[in-house]
Number of protein chains: 2
Amino acid sequence: MPEPRTAPKGDPLTRQSLLDAAAAIMVEDGYAAATTRSVASRAGVNNALVYYYFGTMDELFLELFRHGAERSFERLEVALTSEQPLWGLWDLIHDFSGSALTMELIALANHRKAIRAEISAYSKRFRTRQLELLTGVLEGYGVNLDEWPVTSVVLLMAGISRYLLIEEAFDVQIGHRETVALIERHITALEGRRRVPRAAAKARA
Amino acid sequence: MPEPRTAPKGDPLTRQSLLDAAAAIMVEDGYAAATTRSVASRAGVNNALVYYYFGTMDELFLELFRHGAERSFERLEVALTSEQPLWGLWDLIHDFSGSALTMELIALANHRKAIRAEISAYSKRFRTRQLELLTGVLEGYGVNLDEWPVTSVVLLMAGISRYLLIEEAFDVQIGHRETVALIERHITALEGRRRVPRAAAKARA
DNA sequence: GTCTATAGCTGGATAGAC
DNA sequence: GTCTATCCAGCTATAGAC
């Protein structure tokens with residue numbers, strides 16, 4: 001579906017630059033810093049345009065989330081139907097890009113009902129799809145699903161990965177290397193060494 | 001040390017009620033809702049008192065964090081020197097109370113330098129102490145520390161626990177029960193069934 | 001589509017009365 | 001200690017000119 005049902009009004013470039021500006025500000029200074037003025041200013045336009053394009057800041061935030069969510073969903077499909085689904089899932093989950101923004105949106109959701117509902121619905125959909133696609137894979141690897149339920153495997157990978165990112169943001173890295181190695185050892189035991197390229201890994205200092 | 005070196009000025013009760021009010025508001029509506037006016041109003045006093053007691057909102061947030069951090073550190077000592085250190089650690093980490101506030105403070109830290117620094121320093125101290133106390137314990141249990149580094153055990157427990165709490169906040173609970181069971185199975189394998197009472201567990205719906 | 005101008009509100013912070 | 005009063009900054013949102 002390359003053509004949305006109702007084409008959003010206005011200049012698509014301006015619209016996108018507002019979304020990009022909002023994302024950048026949220027990552028750099030937190031969601032509270034993403035105001036109509038700061039976003040518009042960074043996008044190089046007047047703040048009244050935020051209302052012209054999105055109506056309210058809530059709508060802008062929602063659109064930002066939906067963009068990222070849709071992209072993640074597509075990447076999930078690719079990862080879990082690839083030759084090495086576990087490696088694909090790990091790389092996807094462990095990917096730095098987007099995580100900072102996601103965490104800001106989660107924080108934002110704490111006091112924005114619409115955003116909370118959107119994230120909640122999406123998370124369930126995402127998790128459900130993960131399970132659908134991964135159950136057969138783990139069965140194929142001969143994993144004992146009573147001892148290692150698919151949900152738990154997914155939760156462990158996601159949880160540890162998210163936690164490492166949070167700690168890194170606070171410059172705490174004690175034991176991170178060993179822990180990543182531990183996870184990757186287990187993945188290797190199931191589906192061999194990583195043969196697929198790590199998807200679009202960001203350079204890290 | 002029942003007497004602090006420099007007694008904070010003002011009425012200790014008012015001071016505490018301001019801190020309590022700030023904590024409650026942050027948990028309920030997010031850190032952005034904790035303003036001088038909202039905090040003072042909830043504490044039943046005038047908003048100018050926030051400045052009388054704390055000077056700035058930043059100082060209030062810092063004091064809030066330090067209180068919780070100190071309490072956590074004490075609980076860590078108790079847990080890790082108890083008869084069942086792993087169960088103690090798990091209960092401490094997995095405790096619901098305080099986690100919501102912690103997450104708000106983490107979000108807040110994203111754009112408040114002073115708070116970021118405080119959390120960073122505390123986290124390192126906390127992790128270091130965990131390792132000091134837990135290394136001997138795991139050795140005593142005959143754990144292969146090359147395969148399961150102490151840091152990784154701690155990170156896995158903390159990461160999964162935190163992630164479960166975040167998901168619960170979004171009403172996503174798919175696989176949570178099984179995953180908690182999995183972790184507790186492993187703890188049981190090392191140090192037997194839980195014999196110590198779960199510390200101050202909050203009732204959950 | 002993009003702008004200026006402005007209304008209306010909320011927040012941080014301070015001065016000074018009691 | 002606690003309050004009232006007030007200043008100023010910054011924000012959302014709208015009206016209307018170009």
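In the text below, chain A, chain B and the rest are named by the order of the sequence lines, each starting its count at 1.
Summarising the geometry, the separation between CG on A/D29 and P on D/dG10 is reported as 15 Å, rounded to the nearest angstrom. When the P atom of D/dG16 is taken as reference, atom CG of A/N46 falls 17 Å away, rounded to whole Å. The distance from atom OH of B/Y52 to atom C1' of C/dG16 is 15 Å, rounded to the nearest whole Å. The nearest whole Å value for the distance from the CG atom in B/L49 to the P atom in D/dT2 is 5 Å. Rounded to whole angstrom, the span from the OH atom of B/Y53 across to the C1' atom of C/dT14 amounts to 18 Å. Atom CZ in A/F54 sits roughly 14 Å away from atom P in C/dG1 (whole-Å rounding).
Salt bridge A/E63/A/R66: absent, no basic N to carboxylate O contact under 4.0 Å. Looking at A/E167 and B/R127, a side-chain N of the basic residue comes within less than 4.0 Å of a carboxylate O on the acidic one, giving a salt bridge. A salt bridge between A/D91 and A/R194 is present, with a side-chain N of the basic residue lying under 4.0 Å from a carboxylate O of the acidic one.
Aromatic ring centres of B/Y31 and A/Y31: separated by under 6.0 Å. Ring pair A/F61/A/F54: centre-to-centre distance not below 6.0 Å. Residues A/W87 and A/H186 place their aromatic rings such that the two centres sit no closer than 6.0 Å.
The stretch residues 10-18 of chain A does not touch DNA chain D, since none of its heavy atoms comes less than 4.0 Å from the strand.
Looking only at side-chain heavy atoms (C-beta outward), B/T128 and A/I174 come within less than 4.5 Å of each other.
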> Could you run down nucleotides 6-13 of chain C 5' to 3' and tag each one B, S or - for protein heavy-atom contact under 4.0 Å?
Replying inline: -----BBB
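For the pair A/K124 and B/F170, the cation does not sit on the ring face, since its NZ or CZ is not both under 6.0 Å from the ring centre and inside 45° of the axis.
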